[in-house]
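These figures come from a predicted structure and were not determined experimentally.
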Amino acid sequence: MRRRRAVKRTVQPDPKYKDRVVSKLVNMVMLKGKKSLAERIVYNALKSVGEQTGKDPLEVFKKAIDNVRPLLEVKPRRVGGATYQVPIEVKQDRGVIIALRWLRNFARQKKGRPMELRLSQELMDAYKGEGAAIKKRSDTHKMAESNKAFAHYRW
């Protein structure tokens, strides 16, 4: 028998923008507990995005997250010895976490420049509706669409 569900902890808003999603991004970028370094990376990336667009960096960040956030994903379900990829809808908060993870991972994969520049470039691409994170989202949606026949295995 499984234990009870873990309690959902709320993240404190970040000190500069007073936003929880920015705080989550800082926590995701952080390596080995170096939060001040992660904050510097994220804040410089947002500042750079603001300078490039001439708009409020938080507004651009929210739009980029919205563009990357998946609406559907597939989960493997075992039914009688066969494993089916069953498409399920993604809840809002999970979608945001997935979007942040994709942005962080694709920024990390680009090499040869400081992380803040890579992250700002990834955010700019997501804001414009292009780039690796957007491609990942469309691939995920295509996978869910092609496995729509197994949607009745959802439970």
Side-chain angles (χ1 to χ4, degrees), residues 2-77 85-145 151 154-155:
R2 293 177 189 238
R3 295 200 174 114
R4 58 196 161 93
R5 281 204 178 272
V7 180
K8 196 84 153 170
R9 290 190 298 244
T10 56
V11 178
Q12 292 298 314
D14 75 294
K16 190 172 181 182
Y17 294 102
K18 310 284 187 263
D19 189 78
R20 291 181 195 280
V21 181
V22 173
S23 190
K24 284 182 181 180
L25 180 62
V26 167
N27 289 341
M28 279 193 170
V29 169
M30 178 171 54
L31 290 172
K32 298 180 182 174
K34 299 195 173 188
K35 193 159 193 163
S36 56
L37 178 62
E39 280 178 345
R40 193 166 68 225
I41 289 169
V42 171
Y43 291 154
N44 287 344
L46 287 173
K47 187 173 136 194
S48 169
V49 163
E51 288 167 359
Q52 286 175 24
T53 57
K55 295 180 182 167
D56 177 34
L58 199 60
E59 195 180 297
V60 174
F61 175 66
K62 294 275 189 193
K63 178 96 168 76
I65 294 294
D66 240 24
N67 288 348
V68 175
R69 188 170 65 85
L71 305 173
L72 293 168
E73 67 177 341
V74 291
K75 266 195 167 170
R77 288 274 187 257
Q85 296 288 338
V86 180
I88 58 166
E89 286 183 19
V90 179
K91 290 181 184 167
Q92 170 81 27
D93 52 343
R94 174 160 166 76
V96 169
I97 294 296
I98 292 171
L100 290 174
R101 187 182 307 142
W102 288 346
L103 287 168
R104 180 209 52 200
N105 289 347
F106 288 120
R108 279 190 182 156
Q109 283 175 12
K110 294 178 182 177
K111 293 292 179 199
R113 291 190 315 177
M115 182 61 181
E116 49 206 50
L117 291 178
R118 294 181 282 172
L119 186 60
S120 71
Q121 188 59 53
E122 204 57 52
L123 285 169
M124 284 299 298
D125 288 348
Y127 176 70
K128 293 176 192 165
E130 51 195 44
I134 297 289
K135 185 176 180 341
K136 176 82 169 168
R137 175 184 189 248
S138 67
D139 290 349
T140 305
H141 281 177
K142 278 182 196 156
M143 176 86 86
E145 189 67 30
R154 186 172 42 209
W155 63 73

Enter the distance from [X]:[atom1] to [Y]:[atom2] here, rounded to the nearest 0.5 Å.
| X | Y | atom1 | atom2 | answer |
| --- | --- | --- | --- | --- |
| M115 | L31 | CE | CG | 8.0 Å |
| K62 | Y17 | NZ | OH | 12.0 Å |
| L117 | I41 | CG | CD1 | 10.5 Å |
| K34 | E39 | NZ | CD | 14.5 Å |
| R94 | E73 | CZ | CD | 4.0 Å |
| L103 | M28 | CG | CE | 9.5 Å |

Is any side-chain heavy atom of [Y] closer than 4.5 Å to one of [X]?
| X | Y | value |
| --- | --- | --- |
| I97 | R101 | yes |
| K24 | V96 | no |
| E122 | R118 | no |
| L71 | R69 | yes |
| V60 | L123 | no |
| R20 | T10 | yes |
| K47 | P57 | no |
| N27 | M30 | yes |

Problem set entry | For F61, the option from L25, V42, D66, D56 that meets side-chain contact (heavy atoms from CB on, under 4.5 Å) |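 The residue from L25, V42, D66, D56 that satisfies side-chain contact (heavy atoms from CB on, under 4.5 Å) with F61 turns out to be L25.
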
For this session: Could you check M143, K142, E89, R137 and say which one makes a side-chain contact (heavy atoms from CB on, under 4.5 Å) with L72?
Result: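 So, applying the side-chain contact (heavy atoms from CB on, under 4.5 Å) to L72 and each of M143, K142, E89, R137, only E89 qualifies.
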
Exercise. Going by atom types only, do N105 and Q109 share a side-chain donor-acceptor pair under 3.5 Å?
Worked result: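 Note: N105 and Q109 side chains miss the donor-acceptor criterion.
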
Exercise. Within a radius of less than 6.0 Å around NZ of K110, do more than 12 heavy atoms belonging to other residues, nucleotides or ligands occur?
Worked result: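 Yes - once you tally the heavy atoms of other residues, nucleotides and ligands closer than 6.0 Å, there are more than 12.
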
